[in-house]
Amino acid sequence: MLPFLLLLLTSLKGGDAQRVIGQSKDGSCHCEVNSTMWSFPVLKYEGVLLQVKTCEGSLSSLQEQVLRSTIRLPQIQAQVENVTARLQPFQYLRHQGLYTVLSLRLLGQELSQLEIDLSAVHAQLNNTQTHKLSTEVGKLRKDVEKMQISDTINLKTVKENFRYLKNRVESCKTIPKDFKGQHRYCMKGLITNISEPVTTKISPYGKNYISGSWGKQAQMDTEGEKDSYWVQTLLNSHIYGNTLRVYQTYEDFMASVNHKDYTIAPSYTHADAVEGPSGVLYGEALYYHCFGSADVCRYDLKTNSVKRATLPGTGVGIKNKFPYCYYDCRSHSDVDVEADETGLWVIYTTLGNHGNLVVSRLVWDGEAQVLNVTQTWETRLFKKAVSNAFMVCGVMYATRYVNDYREEVFYAFDTATGKEDNSLALPLEKIAKGVASLSYNPIQRQIYMYNDGYLLAYQTHF
């Protein structure tokens, strides 16, 4: 009998073993084995191979997308930053709800205040003009009452009508009895022509200091500093200053000799320091924009004391929020103090007036030693569309950039009537591109420009 052998063969499928019985014959082992259980899984292999190739393709595609994204992301980031920078000046429009429906309640409150102001003016004057204004305000009150019932009246038109009436009431307020006597210099109408520069000089601090203001003392009925010329240059970052230089005569000013320097504040960041090219020497005091605030300061040259007044309005633009711009913005030119035949003025803007120019009148009470803001007018001229502005006979004139060697007076707003004129085209020649400040002197009837370190003067004609 032949011996039997028992073999255990392992299957590739599932790791199972196959029991096979064999026989020893002629020195070798003979057995029958079912080899189908060890067949190569070709179909499965091909499936796995296809998945591997697909994964390799997907990986390559993802790597290519990552590479493209790495290149594209900085470009997208640059575009976002560019758009953000372009939109930033107009963010206040959204925050203030300029494009939303006008609040009837707020309009009613403002109208009530206007009626109170008008009643006070009417009680003082009681003339034809105040009667006419009372009639117009009464009509506006009826329109507002109708709006509360039916939303059929154009809100924008009503708001503009309200602004116009408010300006007219401001024009009537606190009119002195000798009004014509005080304004005898202002019966000549608007400026009709401006000369070429009649004075050209480099700033005594050098032309590298591109921001500041200068001129001749502007108060018409004063003996103190009567013939003085002054320069107030912003020596820190072209934004801040704390000194004033005064020359007693025009000859000293032109020769840059015999000057006196005044220290307005102990440092550039002191609360009394000058911010922006805003100053004007009026009598024996320098009026200017106070550092980091919505205040106008008065520095007394005799006592070295500083008094201040806060500008009225909702959200006064300060800290470079609403500088003069048009082409290039003049840093921190938010508040601009001016003088003319009628007194002192401040040109600025507020969020409440949607970034449009606001004009307020300043009055110094010498007896009480108090600086007051007595009247305020709102215009429709967007400040960042203006390169600079100045006052003449109660009329605000605004300029715009034409080219590197010329500005143009293109706009006038008359505080006496509340009316504006957009048809002006009076050229102002200049030496350098930027205009830091413009101011008017009622004694000389000259306009002074601080032109990127150059001091220019022009003669006005009416």
Side-chain angles (χ1 to χ4, degrees), residues 167 190-191 194 211-215 218 232 275-280 282 287-289 296 311 313 316-318 320-350 353-362 373 375-402 406-416 418-428 430 434-442 445-451 456-458 460:
N167 282 339
L190 296 178
I191 297 174
I194 301 174
S211 270
S213 47
W214 79 283
Q232 201 291 300
E275 180 174 336
S278 62
V280 61
Y282 193 77
Y287 295 81
Y288 60 92
H289 178 211
V296 173
L311 295 173
V316 174
I318 60 173
N320 210 36
K321 191 164 192 175
F322 288 110
Y324 286 126
C325 286
Y326 193 80
Y327 186 78
D328 282 335
C329 292
R330 178 60 54 167
S331 184
H332 290 254
S333 57
D334 303 82
V335 178
D336 185 8
V337 185
E338 297 288 339
D340 67 0
E341 292 86 348
T342 66
L344 287 162
W345 302 88
V346 189
I347 301 171
Y348 61 105
T349 193
T350 64
N353 197 34
H354 312 304
N356 296 324
L357 283 170
V358 175
V359 182
S360 287
R361 188 165 190 168
L362 279 176
V373 179
Q375 295 159 273
T376 298
W377 292 261
E378 296 179 346
T379 77
R380 295 183 298 177
L381 183 62
F382 189 56
K383 188 178 180 187
K384 287 190 174 183
V386 172
S387 61
N388 226 285
F390 58 95
M391 299 293 300
V392 179
C393 285
V395 177
M396 184 195 72
Y397 293 87
T399 62
R400 60 188 172 195
Y401 173 91
V402 177
R406 175 172 290 188
E407 297 281 309
E408 180 181 73
V409 178
F410 74 100
Y411 173 90
F413 175 83
D414 188 354
T415 60
K419 295 182 179 179
E420 44 196 357
D421 187 340
N422 294 284
S423 63
L424 301 181
L426 305 175
L428 268 174
K430 57 187 180 178
V435 177
S437 65
L438 287 171
S439 59
Y440 171 76
N441 183 276
R445 293 188 181 178
Q446 290 185 346
I447 297 170
Y448 301 116
M449 177 190 291
Y450 199 108
N451 180 209
L456 310 180
Y458 310 80
T460 58

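The side chain to side chain contact (heavy atoms under 4.5 Å, CB included) test with W377 singles out one residue from L357, N353, T415, D414, and that residue is T415. Between S387 and the options E407, R330, R400, a side-chain hydrogen bond (donor to acceptor under 3.5 Å, both in side chains) holds for only E407.
Two residues are said to be in side-chain contact when any heavy atoms from C-beta on lie closer than 4.5 Å; L344 and V296 fail this criterion. Contact check for D336 versus N388: side-chain heavy atoms found under the 4.5 Å cut-off.
Annotation: the span from D340 atom CG to Y282 atom OH amounts to 8.0 Å, rounded to 0.5 Å. Rounding to the nearest 0.5 angstrom, the gap separating the CD atom in E420 from the CZ atom in R380 is 4.0 Å. Rounded to the nearest 0.5 angstrom, K383 NZ and I347 CD1 are separated by 8.5 Å. A distance of 9.5 Å separates CZ in F410 from CG in L424, rounded to the nearest 0.5 Å. Between the OG atom in S437 and the CG atom in N451 there is a gap of 9.5 Å [rounded to 0.5 Å]. Separation of atoms CD (E378) and NE2 (H354) is listed at 8.5 Å; rounding is to 0.5 Å.
The heavy-atom pair separating A436 from S211 by the smallest distance is CB-CA, 3.8 Å. Closest approach of L190 to A412, counting heavy atoms only: CD2-CB, 4.3 Å. When all heavy atoms of D334 and K321 are compared, the closest pair comes out as OD2-N, 2.9 Å. Residues N441 and A218 come closest through the heavy atom pair ND2-CA, 3.6 Å. Contact between T399 and V409 at its shortest, heavy atoms only, is CG2-CG2, 3.7 Å. For the pair H289 and V335, the tightest heavy-atom approach, listed with the atom from each and the gap, is CG-CB, 3.6 Å.
Listed by chain and residue number, F253, Y448 satisfy the ring-ring contact (aromatic ring centres under 6.0 Å, His included) test with W214 (two or more places apart in sequence, or in another chain). With sequence neighbours left out, D328 forms a side chain to side chain contact (heavy atoms under 4.5 Å, CB included) with K433. Applying the salt bridge (Lys or Arg N to Asp or Glu O under 4.0 Å) rule to R406 yields no partners; only residues at least two apart in sequence or on another chain are considered. Partners of S360 according to the side chain to side chain contact (heavy atoms under 4.5 Å, CB included) rule, which considers only residues two or more places apart in sequence or in another chain, are P312, Y348, V358, V373, T376. Scored by the ring-ring contact (aromatic ring centres under 6.0 Å, His included) test, H332 finds Y240 as partners (sequence neighbours excluded).
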Atom pairs and distances, donor-acceptor, side-chain atoms in residues 389-397, under 3.5 Å, two or more places apart:
{"unit_1": "Y397", "atom_1": "OH", "unit_2": "I191", "atom_2": "N", "d": "3.0"}

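With R361 contributing its side chain and T342 its backbone, the two residues share a donor-acceptor pair below 3.5 Å. Within the 3.5 Å criterion, the main-chain N or O of P323 finds no donor-acceptor partner in the side chain of S333.
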Q. Can Y411 and V386 be said to form a side-chain contact (heavy atoms from CB on, under 4.5 Å), step by step?
A. CA-CA 9 Å; Y411 173 90; V386 172; over 6 Å; no

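Between the side chains of E338 and Y440, not a single donor N or O lies within less than 3.5 Å of an accepting N or O.
Taking the centre and axis of the six-membered ring of Y324, the NZ or CZ atom of K384 falls outside the cone set by 45° and 6.0 Å.
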